[in-house]
Amino acid sequence: MSFVSAAFIDRFNINQAIFYGMNRSLPTGSHELGEKKLYLLADGNYKLKITKPIEGYLSLPKGDDLIPSISAASILAKTYRDEYMERMDLKYPGYGFAKHKGYGTEEHRNALLKFGISPIHRLSFCKFLRREGSEPSLF
């Protein structure tokens, strides 16, 4: 499993973060796999950019509904992220991370308006905070 930071997502975009995370999660070479061939299954509609040696891949929209191993990976990723957000709730109290898990709920948006952006927020998510005429001035 691989974790990609909010800063990485903001800098490169969510799709590049997905490809980066996938590549980091794969074995680095055939010596780690022995004689086994690696075939990657992914949920979504991507033309994957995999830089490590694999036999091939299948990127399938709704793959988590159709293929048990993709479903399992999705559950593991969601469970890991939920636990991470619960830890962040302790580190950054008031945002309600333990409840909304970082999703863009009204409660989450209201906490951002009240407390501002935390170090773990994706700035690309927080664009709603910029109201017309609220851009910072240099003068």
Side-chain angles (χ1 to χ4, degrees):
M1 186 173 303
S2 181
F3 184 86
V4 180
S5 71
F8 187 99
I9 295 168
D10 283 336
R11 182 171 179 193
F12 296 104
N13 79 41
I14 191 70
N15 286 328
Q16 294 305 313
I18 290 168
F19 299 143
Y20 178 72
M22 282 183 183
N23 277 294
R24 278 192 359 194
S25 297
L26 295 171
T28 57
S30 59
H31 65 280
E32 292 182 38
L33 295 171
E35 297 295 318
K36 297 177 185 174
K37 303 282 185 181
L38 184 64
Y39 199 88
L40 180 66
L41 301 173
D43 183 31
N45 188 20
Y46 299 104
K47 182 175 181 190
L48 299 177
K49 299 173 185 172
I50 304 300
T51 59
K52 296 183 180 173
I54 63 171
E55 182 70 19
Y57 73 87
L58 174 63
S59 176
L60 184 66
K62 303 285 185 191
D64 57 343
D65 290 340
L66 303 170
I67 300 174
S69 59
I70 296 177
S71 301
S74 179
I75 291 167
L76 287 172
K78 173 105 173 69
T79 301
Y80 180 84
R81 187 182 189 304
D82 287 354
E83 289 173 357
Y84 171 78
M85 295 310 295
E86 289 169 9
R87 289 191 309 274
M88 293 302 100
D89 190 63
L90 297 172
K91 189 171 183 176
Y92 303 104
Y95 288 97
F97 291 135
K99 183 176 179 187
H100 58 66
K101 305 295 191 247
Y103 289 101
T105 64
E106 183 177 356
E107 177 185 1
H108 189 174
R109 291 189 301 274
N110 288 337
L112 280 163
L113 290 169
K114 182 176 180 180
F115 300 111
I117 299 169
S118 79
I120 65 164
H121 276 99
R122 291 188 349 218
L123 300 178
S124 51
F125 167 76
C126 297
K127 288 181 181 177
F128 78 93
L129 291 171
R130 292 185 175 170
R131 308 245 186 264
E132 191 167 325
S134 69
E135 293 295 320
S137 171
L138 295 177
F139 307 101

Measure the spacing between [atom1] of [X] and [atom2] of [Y] and express it to the nearest 0.5 Å.
X     : Y     : atom1 : atom2 : value
Leu26 : Thr51 : CG    : OG1   : 8.0 Å
Leu40 : Leu58 : CG    : CG    : 9.0 Å
Asp43 : Leu66 : CG    : CG    : 9.0 Å
Leu41 : Ser69 : CG    : OG    : 5.0 Å
Lys52 : Ile50 : NZ    : CD1   : 9.5 Å

Nearest heavy atoms of [X] and [Y], plus distance in Å:
X     : Y     : value
Gly21 : Ser2  : O-CB, 3.3 Å
Asn15 : Asn13 : N-OD1, 3.0 Å
Ala42 : Leu48 : CB-CD1, 4.2 Å

Under 3.5 Å, which donor-acceptor pairs do the side chains of residues 92-100 form with other protein atoms, sequence neighbours left out?
{"from": "Tyr95", "atom 1": "OH", "to": "Gly116", "atom 2": "O", "distance (Å)": "2.8"}
{"from": "His100", "atom 1": "ND1", "to": "Gly102", "atom 2": "N", "distance (Å)": "2.9"}
{"from": "His100", "atom 1": "NE2", "to": "Tyr95", "atom 2": "O", "distance (Å)": "2.7"}
{"from": "His100", "atom 1": "NE2", "to": "Gly96", "atom 2": "O", "distance (Å)": "3.3"}

**OP:** Would you indicate whether Arg11, at its atom CZ, is surrounded by more than 12 heavy atoms from other residues, nucleotides or ligands within a distance under 6.0 Å?
**Re:**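 Count not over threshold, so no.
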Subject >> Distance-only donor-acceptor check, side chains Ser71 and Asp64, under 3.5 Å >> reply: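 Short answer, no.
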Are [X] and [Y] connected, step by step, through hydrophobic side chains (Ile, Leu, Val, Met, Phe, Trp, Tyr) whose heavy atoms are closer than 4.5 Å?
X      : Y      : value
Met85  : Leu76  : yes
Ile14  : Val4   : yes
Phe115 : Met88  : yes
Leu113 : Ile120 : yes

With heavy-atom distances below 4.5 Å as the criterion, would you say the side chains of [X] and [Y] are in contact?
X      : Y      : value
Tyr20  : Phe12  : no
Leu38  : Glu55  : no
Cys126 : Leu112 : yes
Ile67  : Leu60  : yes
Lys49  : Met22  : no

Between [X] (side chain only) and [Y] (backbone N and O only), is there a donor and an acceptor less than 3.5 Å apart?
X      : Y      : result
Arg81  : Lys101 : yes
Asp10  : Leu123 : yes
Asn45  : Pro61  : no
Ser59  : Gly44  : yes
Arg109 : Gly104 : yes

**OP:** Please list all pairs passing the ring pair (Phe, Tyr, Trp, His ring centres under 6.0 Å) test where one or both residues lie in residues 35-88, with sequence neighbours left out.
**Re:**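 Residue pairs with at least one partner in residues 35-88: Phe3-Tyr84, Phe19-Tyr46.
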Original post:
Quick one: side chain to side chain donor-acceptor pair (under 3.5 Å) partners of Ser118, sequence neighbours excluded?
Top reply: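 Side chain to side chain donor-acceptor pair (under 3.5 Å) check on Ser118 returns His121.
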